[in-house]
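Below is one structure, written out as C-alpha cells; the observations come after it.
Chain A is the first sequence line, chain B the second, and so forth, proteins listed ahead of strands; every chain is numbered from 1. This is a predicted model, so every value here is computed, not measured.
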Amino acid sequence: MKYVFFGSPEFAATILKKLTEAGYMPEAIVCNPDEPVGRKKIITPPAVKQLAISNNWNIKILQPKKLSDIKDDLKKINADVFIVAAYAKIISKEILEMPNLKTIGVHPSILPKYRGSSPIQSAILNGEEETGVSIFIIDEKVDHGPVLAISNKQKIAGENYPELSAKLADLGGGLLVKILPDYLNGKIKPQTQSESDATFTQKFSTKDGEVDLKKDSPKIIFGKVKALNPDPGVFTYIETKKGRIRLKILDAELENNNLKLLQIQPDGKKPMAYKEFLNGYKPI
RNA sequence: CGCGGGAUGGAGCAGUAGUUAGCUCGUCUGGCUCAUAACCAGAAGGUCGUUGGUGCAAUUCCAACUCCCGCAA
C-alpha cells in the first residue's frame, strides 16, 4: 500500500509512529511549515517532521503553505490512500479524491459528536465522562464523512488535555492499524453520520481562559484548567499585598466541589506550587 | 531592535550605602503526643546572577552582559 500521511502535532506523530511500527511506511508526509516558537523565535519543525528526521526516514517531507502548491507532487506519488490526523488545514475535494481509496481521517471524538478543531478540550470542558476516537472517510465538509470505525470508550478521569490527547492518539493509532487491512480489502462498510446528533467545537482563545476564583463555579474552573492548559492557558487576577497580579493556573484539583490550586505561575515568574506562592505573596 | 516582569540560604518572598542580610516554608536535632501535614525548643545552610565603575564603604547607586519568565506574534 502506498500512502501519504498528513498531520503536524504530537497527536499526529503518535499515530504515524504506530503506523510505521506496524510496517506501514508512508511515501511522503505533509505537515505545516516550520514556525518560530516563543520569545526567542526558535524555528521549530512540527512533531511529525521531527519524528521523520530523528528516525532518518528516507521519505519526502512536504510543508506547503497552501496545499494547492503541492497538488502535482501528490499526484505523482500515485498513492492508494491518504491518511490525515490533525493536519489543521482544510483539504480541498480535489486532493481528497486523488487516491482511489480516498482519504481517511482520525478524529479524537466519537463522531458525530465534537466535530471541529478542539474535540478533546471540549469534551474535558463539558465534563464528559468518556470519549473516544473515530476513523472516517474525509469529505469536503468538516468531520462529516462516513465512519469506518469507532474505538473503545476512553474514560476521562481528571486528565488534562495533553494527557488525554496522548491516550487518544494511542487508541486511534491502534485502531487505525487494526482496521487498515480490512479497509484496503474493501471489507468495511462506511456508516453515514447522523447529522441531527452532530455537535461542533471551535478553537479556544486566551479570553476563554480567564476565570474569577470568587465568582466562577469550582467545577467550571476545574474543567478549564484541565482542558485549556497548556494552551491557551487559564489565568485570573488576584490581589496581594503588592497589588493586583496576573496568575496563570496550571493545575488544580476538585475536592468536594472545592477548587484546590496546585500549580500556578505569577506573571514574569516560573511555575510554582500554590503553597509556595502563599509563602511569599500573601494574597488578600 | 515588538511590550513588560525578574535574578537574595533547598523553595517562595522582604530589605538596607556601613559592625550580626530578614520573613514564610522546607531540612536536621531534641521535646510533647496514641498519633500527625499539628505544637514547643534549637541547629545547619547565603560568593545577595556575572563583570566593570563611583564611594571611606555596595547586596543596596550607575553601566554592560548572561540567564529565567509573562504578554504579543
Please name all residues satisfying side-chain hydrogen bond (donor to acceptor under 3.5 Å, both in side chains) with A:Y3, sequence neighbours left out, ordered by chain then number. none
Can you tell me how far P in B:G30 sits from the matching atom in B:U66, rounded to whole Å? 49 Å
Same-atom distance (P) from B:A7 to B:C13, integer angstrom: 9 Å
Would you write the dot-bracket representation of RNA chain B, where each base gets (, ), [, ], | or . depending on whether it forms a Watson-Crick or G-U pair under 3.5 Å and with which partner? .((((((..((((....[...)))).(((((.......))))).....(((((..]....)))))))))))..
Expressed as a whole number of Å, how far does the C1' atom of B:G18 sit from that of B:A57? 6 Å
Pairwise C1' distance, B:G9 and B:U47 [rounded to whole Å]: 12 Å
Give a yes/no on whether any side-chain N or O of A:K248 is located under 4.0 angstrom from OP1 or OP2 of B:C69. no
A:K269 NZ to B:G12 C1': how many Å, rounded? 9 Å
When rounded to the nearest Å, what value does the distance between C1' atoms of B:G22 and B:U16 take? 11 Å
Carboxylate-amine/guanidinium proximity below 4.0 Å for A:K226 and A:D251: yes
Under a 4.0 Å threshold between the charged nitrogen and the carboxylate oxygen, would A:K18 count as salt-bridged to A:D170? yes
When you measure from the side chain of A:N185 to the backbone N and O of A:K187, does any donor-acceptor pair fall under 3.5 Å? no
Rounded to the nearest Å, what distance is computed from the CZ atom of residue A:R244 to the C1' atom of nucleotide B:G5? 16 Å
When rounded to the nearest Å, what value does the distance between C1' atoms of B:G52 and B:A58 take? 14 Å
Per the glycosidic torsion and the 90° limit around 0, nucleotide B:G4 is anti
Rounding to an integer number of Å, can you tell me how far A:D231 CG sits from B:C71 P? 9 Å
In whole Å, I'd like the distance from the NZ atom of A:K270 to the C1' atom of B:C71. 19 Å
Tell me the interatomic distance from A:N279, atom CG, to B:G22, atom C1', rounded to whole angstroms. 15 Å
Ionic contact status for A:E129 with A:K155, cut-off 4.0 Å: no
I want to check one thing: is the phosphate of B:G70, taken as OP1 and OP2, less than 4.0 Å away from some side-chain N or O of A:Q265? yes
First encountered from the 5' end of RNA chain B, between A:G268 and A:K275: A:G268
Separation of the C1' atoms in B:A11 and B:G46, to the nearest angstrom: 14 Å
For A:E94, all residues meeting salt bridge (charged side-chain N to carboxylate O under 4.0 Å, His left out), sequence neighbours excluded: A:K71
N/O (side chain, A:T240) to phosphate O (OP1/OP2, B:C13) under 4.0 Å: no
Between B:G12 and A:Y281, is there an OP1 or OP2 to side-chain N/O distance shorter than 4.0 Å? no
Tell me the interatomic distance from A:F235, atom CZ, to B:A72, atom P, rounded to whole angstroms. 8 Å
What integer distance in Å separates A:M272:CE from B:G6:C1'? 11 Å
Salt-bridge criterion met for A:D34 and A:K49 (N-O under 4.0 Å): yes
Rounded interatomic separation in angstrom, taking CG from A:L278 and P from B:U24: 15 Å
Considering only NZ, NE, NH1 and NH2 on the basic side and carboxylate oxygens on the acidic side, decide whether A:E195 and A:R115 come within less than 4.0 Å. yes
Separation between the P atoms of B:C3 and B:A64, rounded to whole Å: 16 Å
